[in-house]
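Encoded as structure tokens, the structure appears first; notes follow it.
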Amino acid sequence: MKVVLQNVTKIFPGRGRGASDTVAASNLDFEIPDGELIALLGPSGCGKSTTLNLISGLQKPTSGRILFGEDDVTDLPPENRGVGLVFQNYALYPHLSVTDNITFPLGNLRGKDRMSKAEMKQKAYEIAKLVQIDGLMDRKPGELSGGQQQRVAIARALVKMPKILLLDEPLSNLDARLRLQTREEIKRIQRETGITTVFVTHDQDEAMSISDRIIVMKEGVVQQIGKPQEVYDSPANLFVANFLGTPPINVFSASVKGEKLYIGEDCVLDVKNVPDGEVWAAVRPEGFVLDENGPMKCALDRVEVMGRDISVVSENENSVNPVVRSIISAENRVDISSKTVRFRLKPFKTLLFDKKTEDRVFFGDDK
Ligand code: ATP
């Protein structure tokens, strides 16, 4: 089922005299295609949960419309929208078994949808098998690991076969290893069921690794929507460039003169079709090539071994970040006794942004 948001805005009125309103979501206007897994990504407070709550119906938009397929659901309460919800704190019933937790939403089905106890148990078992907890049906939540509890919560959200599955930071309470494992599980379950899924996270790694498409938000406004690789390779603005990628992108205060990019005195790249002026130049860590005759000079700080790669940590007075982090193949040899290190820049890993608006400035034949 596709989900369409048309000019959706949510404003929370300020409380008390003089308190200003909060625009938690501003003019959201996008379509989530049927069967895709979408990540809503952004820093704390950017409006991710609000967007999810607007889709679920837990919150009503101040203006705009929400459609599921061709149906306008803007005024429908959550229970009539056919959505499954999973929150960060799994909110399982501690005194109920896994089976009873999963079947709980089936208890209030009425009319032709009403199920017998045996049918419910069978259904719970089928869903539990999908999320691989079918061996734990008689346990209570307190007897399960965090990852297992989260799977019960997902099973409970899936048991009524929702049209849309909504997950709000579902992995936050899990330790690093379980997070990795559970996010793969979510991807697998989503693929197997084909349910359109929206996943809220502030973790760019999580968003990049499992989603078909990422929606990046800042202060209630969508910054960019795209496939993970597209958003990484071609960020719309400096905020998106900074938000995606570990280690983060290296940002320099730079200038353009005669279609050449300068970082300080170093003329580092040809940038055809860019007018003269100040810019932000951002280079992905993998965008540096060690080259003793390279145009960019940095003060060598240290070399960190990462196995397959090495990270050359250096300093440059035009860098916005305290250090410049480049990632290069471990086959390269770096003379750590040397005070300086020189690089060449890969053009397609170097991005320019307007100094004021911070929007992308394309160069060469890019667009
Ligand atoms: P986090 O990652 O910290 O959960 P988020 O991106 O999900 O953040 P939201 O919870 O959607 O952000 O909040 C967006 C903005 O709306 C914040 O400034 C928040 O303080 C405000 N907000 C959220 N809910 C309410 C509410 N019920 N009343 C007033 N303001 C609210």
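Hydrogens, waters and symmetry mates are skipped; everything else that's a heavy atom, side chains included, is used. Indexing begins at 1, ligand by ligand and atom by atom, following the structure's order.
Between S44 and ligand 1, at least one pair of N/O atoms sits closer than 3.5 Å. Here's the thing with F12: none of its N/O atoms is less than 3.5 angstrom from an N/O atom of ligand 1. Note: an N/O pair closer than 3.5 Å links K48 and ligand 1 by distance alone.
Around atom 15 (C) of ligand 1, the closest heavy atom drawn from S49, C46, G45 belongs to G45.
A salt bridge is defined here as a Lys NZ or Arg NE, NH1 or NH2 lying under 4.0 Å from an Asp or Glu carboxylate O, and K260 with D270 meets this definition. We find that E126 and K129 are not joined by a salt bridge, their nearest charged nitrogen and carboxylate oxygen being 4.0 Å or further apart. Salt bridge present: E304 and R302 bring a charged side-chain N and a carboxylate O closer than 4.0 Å. A salt bridge is absent between R81 and D71: the closest approach of a Lys/Arg side-chain nitrogen to an acidic carboxylate oxygen does not fall below 4.0 angstrom. Here R179 pairs with D203 in a salt bridge; the nearest charged N to carboxylate O distance falls below 4.0 Å.
Inside a 4.0 Å radius of atom 19 (C) of ligand 1 there is not any protein heavy atom.
In this structure, a donor-acceptor pair under 3.5 Å is present between the side chains of T201 and E206.
Close approach to T50 involves these atoms of ligand 1, each under 4.0 Å from a residue heavy atom: 9 (P), 11 (O), 13 (O), 14 (C). Of all atoms in ligand 1, listed by their number and element, those nearer than 4.0 Å to a heavy atom of P43 are 6 (O). Those atoms of ligand 1 that come under 4.0 Å of a heavy atom in A24, given as number and element, are 14 (C), 15 (C), 16 (O).
In this pair, F288 and F252 present their aromatic rings perpendicular. The plane angle is above 60°, beyond the 30 to 60° band.
When non-hydrogen atoms are compared, ligand 1 lies under 4.0 Å from the side chain of T22 (C-beta onward) but not from its backbone.
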